[in-house]
Asks: 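The structure under discussion is supplied below as structure tokens; questions concerning it will follow.
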Amino acid sequence: MSTATATAPAGPVAGSPVFSVDGLWKVFGPKASRVPGDPELSALDPAALRARTGCTAAVRDVSFDVRKGEVFVVMGLSGSGKSTLVRCLTRLIEPTAGAIAIDGEDVRAMDGARLRALRRHRAAMVFQHFGLLPHRTVLDNVAYGLEIQGMGRARRRARAAEVVAKVGLEGMEQRRPAQLSGGQRQRVGLARALAVDPEVLLFDEPFSALDPLIRRDMQQEVIRLHREEGRTMVFITHDLGEALRLGDRIALMRDGRLVQLGTPEEIVGSPADDYVRDFVRDVPREQVLTVRTVMRPASSVDEAGSGPAVRPDATVSEAIEAVARAGVPARVLDRGRCVGIVDSAALLSVVAGTETPAGPERPGVPEPAAGAERPEGVL
């Protein structure tokens with residue numbers, strides 16, 4: 001874990017994470033600053049801390065890195081601290097203790113001007129409540145952030161028009177928010193954030209107020225934009241299905257603490273404790289776990305076989321379909337090389353929950369790069 005310091009450089013460092021968070025606390029209440037530094041107080045559970053001090057620790061000693069180009073999901077139930085955490089990243093909420101860095105620059109040491117630049121240019125927020133200006137058209141709402149930056153009218157409207165088309169609202173530029181559906185208004189909010197071309201997009205439960213069909217469409221829109229642009233995203237949600245669908249990695253929070261950080265496959269396949277295990281109990285494992293967790297090493301005979309080919313990142317569900325169609329085991333191919341074999345018994349053991357996961361780092365099967373296009377699975 002990288003640690004941010006007050007002497008961090010003011011520009012990107014090769015190989016450094018986009019956001020680095022170390023030992024972050026946010027405590028609300030009287031004399032809040034005493035809680036992180038007092039081992040006795042910091043060890044108290046939420047109820048005991050409130051009774052003893054009148055304070056609430058919304059974020060408790062949280063550390064993580066956000067890698068360039070990944071979709072990093074922070075997930076938890078209401079009151080877990082996830083929304084407070086994302087607001088701390090740009091100091092919309094002032095942290096109580098700990099370190100936050102963006103591209104190696106200390107966020108907590110930023111003065112007012114530098115902080116405004118961070119929020120206007122480098123990290124744009126998409127909120128659950130759209131926050132659109134009702135008297136402005138779609139185009140002028142999308143251009144609003146560029147106007148704040150001081151960009152000229154013609155240039156900002158041209159840029160806004162590009163982004164409006166990108167999020168599927170072409171032809172609606174002159175409508176006002178009251179003339180749009182909930183999904184369309186959220187697309188305007190997304191376009192407004194994209195217009196300023198931020199390094200990071202921060203989503204705070206942006207789709208939770210939408211009906212299920214529109215919500216799924218917006219999730220697909222985020223996936224599409226990520227595939228096209230490879231932009232770093234931090235996504236806050238209370239919905240496990242949404243987290244598994246969108247996240248390259250998921251940070252699961254409870255009572256302000258980070259209880260597990262891992263890929264969707266790691267969260268579902270190797271829960272850190274009973275709380276996480278209960279959280280993922282009803283997830284269809286075959287739709288999350290990949291064939292790399294159950295494949296066996298390939299022999300020379302297997303490599304010359306005529307069975308179907310699947311990629312290491314294919315879900316077990318995809319592989320079951322391929323094996324069932326062919327009636328023979330599937331070869332697991334990575335960049336044209338056979339790295340393993342998976343058969344129906346191994347695949348069905350995942351459905352039954354009896355497999356022994358091999359983990360995501362099998363020899364010869366490299367992890368996909370952050371921001372890489374999600375694989376289709378079956379070749």
Side-chain angles (χ1 to χ4, degrees), residues 12 16-19 64-75 82 86 89-90 102-103 121-128 130 142 145 159 162-170 183-184 186-208 210 213-252 261-268 287-288 290 311-315 318 360 366-377:
S16 65
V18 177
F19 268 112
F64 61 86
D65 288 342
V66 177
R67 302 166 184 164
K68 183 175 178 61
E70 76 172 331
V71 179
F72 185 91
V73 174
V74 183
M75 198 201 88
K82 58 189 184 300
V86 75
L89 295 181
T90 57
I102 182 168
D103 292 326
H121 300 277
R122 301 169 72 181
M125 183 81 78
V126 181
F127 294 98
Q128 174 183 343
F130 316 118
V142 172
R159 168 63 181 162
E162 291 176 11
V163 182
V164 165
K166 180 174 289 189
V167 301
L169 293 177
E170 194 168 16
Q184 289 168 341
Q186 191 56 279
R187 286 174 186 266
V188 177
L190 176 58
R192 183 173 57 192
L194 285 169
V196 298
D197 195 24
E199 182 179 1
V200 187
L201 277 173
L202 305 174
F203 294 87
D204 187 12
E205 300 204 65
F207 310 144
S208 61
L210 304 177
L213 290 178
I214 296 176
R215 182 171 188 160
R216 185 61 181 255
D217 285 346
M218 289 303 301
Q219 291 167 358
Q220 288 302 121
E221 188 70 14
V222 168
I223 291 171
R224 181 185 69 81
L225 288 169
H226 185 254
R227 282 178 173 172
E228 291 178 358
E229 300 188 348
R231 196 183 302 271
T232 306
M233 299 179 180
V234 178
F235 198 100
I236 307 300
T237 184
H238 66 270
D239 184 274
L240 179 60
E242 187 167 72
L244 295 173
R245 191 171 298 118
L246 297 179
D248 294 312
R249 289 189 300 148
I250 299 169
L252 181 57
L261 172 59
T263 65
E265 189 169 5
E266 290 165 346
I267 297 288
V268 172
Q287 295 180 19
V288 178
T290 63
R311 293 162 73 164
D313 296 50
T315 64
E318 291 169 327
E367 281 288 282
E373 182 172 341
R374 286 171 168 77
E376 295 299 325

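If you read the sequence from its start, that first residue is 1, and numbering goes on from there. Only heavy atoms go into these numbers, but all of them, side chains included; no hydrogens, no water, no symmetry mates.
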Asks: Begin from the C-alpha positions of Thr232 and Val66 and carry the test side chain to side chain contact (heavy atoms under 4.5 Å, CB included) through to its verdict.
Replies: CA-CA 8 Å; Thr232 306; Val66 177; 3.6 Å; yes

Asks: Taking side chain as C-beta onward, heavy atoms only, is Leu225 less than 4.5 Å from Leu194?
Replies: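 Answer yes - side chains close enough.
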
Asks: Could you point out which residue of Val167, Val142, Val164, Ile214 forms a side-chain contact (heavy atoms from CB on, under 4.5 Å) with Arg187?
Replies: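 Considering Val167, Val142, Val164, Ile214, a side-chain contact (heavy atoms from CB on, under 4.5 Å) with Arg187 is found only for Val167.
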
Asks: Are any side-chain N or O atoms of Gln186 and backbone N or O atoms of Pro206, one a donor and one an acceptor, separated by less than 3.5 Å?
Replies: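 It does hold such a pair.
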
Asks: Rounded to the nearest 0.5 Å, what's the gap from CZ on Phe207 to CG on Leu246? Could you check?
Replies: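 If we round to the nearest 0.5 Å, Phe207:CZ and Leu246:CG are 7.5 Å apart.
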
Asks: Minimum heavy-atom separation for Met75 to Lys82, with atom names?
Replies: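 Taking every non-hydrogen atom into account, C-CD, 4.2 Å.
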
Asks: List the atom of Val163, the atom of Ala195, and the distance in Å for their closest heavy-atom pair.
Replies: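 Reported closest heavy-atom pair: CG2-CA, 3.9 Å.
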
Asks: Report yes if the side chains of Val268 and Leu244 come closer than 4.5 Å at any heavy-atom pair, otherwise no.
Replies: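 They are in contact (side-chain heavy atoms under 4.5 Å apart), so the answer is yes.
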
Asks: Taking Glu318 for the side chain and Thr315 for the main chain, is one N or O donor matched with an acceptor at less than 3.5 Å?
Replies: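 Indeed, once roles are kept as given, a pair shorter than 3.5 Å links the two residues.
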
Asks: Between Phe72 and Phe64, is the gap from one ring center to the other below 6.0 Å?
Replies: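 Centroid distance Phe72-Phe64: below 6.0 Å, so yes.
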
Asks: How would you list, by chain and number, every residue that makes a ring-ring contact (aromatic ring centres under 6.0 Å, His included) with Phe19, sequence neighbours excluded?
Replies: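 None.
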
Asks: Kindly indicate, with the supporting measurements, whether the criterion side chain to side chain contact (heavy atoms under 4.5 Å, CB included) is fulfilled by Val86 and Val74.
Replies: CA-CA 8 Å; Val86 75; Val74 183; over 6 Å; no

Asks: Determine, for Glu242 against Arg215, whether the closest basic-nitrogen to carboxylate-oxygen distance falls under 4.0 angstrom.
Replies: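 A salt bridge links Glu242 with Arg215.
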
Asks: Checking Glu265 side chain against Thr290 main chain: does a donor-acceptor pair fall under 3.5 Å?
Replies: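 Judged by distance alone, yes, a pair lies under 3.5 Å.
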
Asks: What do the steps show when you test Val188 against Leu169 for side chain to side chain contact (heavy atoms under 4.5 Å, CB included), and what is the final call?
Replies: CA-CA 8 Å; Val188 177; Leu169 293 177; 3.5 Å; yes

Asks: Provide the closest heavy-atom pair for Val126 versus Ala193 in the form atom of the first, atom of the second, distance.
Replies: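 Nearest heavy atoms, Val126 then Ala193: CG2-CB, 3.6 Å.
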
Asks: Salt-bridged, Asp197 to Arg231, with N to O below 4.0 Å?
Replies: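 A salt bridge links Asp197 with Arg231.
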
Asks: List the atom of Gly69, the atom of His226, and the distance in Å for their closest heavy-atom pair.
Replies: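 Minimum heavy-atom contact is O-NE2, 2.7 Å.
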
Asks: Under 4.5 Å between any side-chain heavy atoms of Gln220 and Arg245, yes or no?
Replies: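 Yes, at least one pair of side-chain atoms sits under 4.5 Å.
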
Asks: So does Glu162 have more than 12 non-hydrogen atoms from other groups sitting under 6.0 Å from CD?
Replies: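 Buried by this count: over 12 neighbours within 6.0 Å.
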
Asks: Carefully, step by step, assess Val73 and Arg249 under the rule side chain to side chain contact (heavy atoms under 4.5 Å, CB included).
Replies: CA-CA 6 Å; Val73 174; Arg249 289 189 300 148; over 6 Å; no

Asks: Do Asp248 and Arg67 sit within salt-bridge range, that is, some charged N less than 4.0 Å from a carboxylate O?
Replies: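 Not counted as a salt bridge, because no side-chain N and carboxylate O are separated by less than 4.0 Å.
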
Asks: Is it true that the side chains of Glu205 and Thr237 contain a donor and an acceptor less than 3.5 Å apart?
Replies: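 There is no such pair between these side chains.
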
Asks: So does Glu199 get a backbone contact from the side chain of Arg122, meaning a donor-acceptor N/O pair under 3.5 Å?
Replies: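 No: the side chain of Arg122 does not pair with the backbone of Glu199.
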
Asks: Is it true that Glu228 and Arg224 have a side-chain N and a carboxylate O under 4.0 angstrom from each other?
Replies: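 Yes, Glu228 and Arg224 are salt-bridged.
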
Asks: Identify the two heavy atoms, one from Ile267 and one from Ile250, that lie closest to each other, and give their separation to 0.1 Å.
Replies: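 Closest approach of Ile267 to Ile250, heavy atoms only: CD1-O, 4.0 Å.
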
Asks: Would you call Pro17 and Lys68 a side-chain contact if the rule is heavy atoms closer than 4.5 Å?
Replies: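 No, every pair of side-chain atoms sits at 4.5 Å or beyond.
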
Asks: Suppose we screen for side chain to side chain donor-acceptor pair (under 3.5 Å). Which residues come up paired with Arg216, at least two apart in sequence or across chains?
Replies: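 Here no residue qualifies.
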
Asks: Kindly give the heavy-atom pair with the smallest separation between Leu190 and Met218, and that separation in Å.
Replies: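 Shortest heavy-atom separation between Leu190 and Met218 comes out as CD2-CE, 4.3 Å.
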
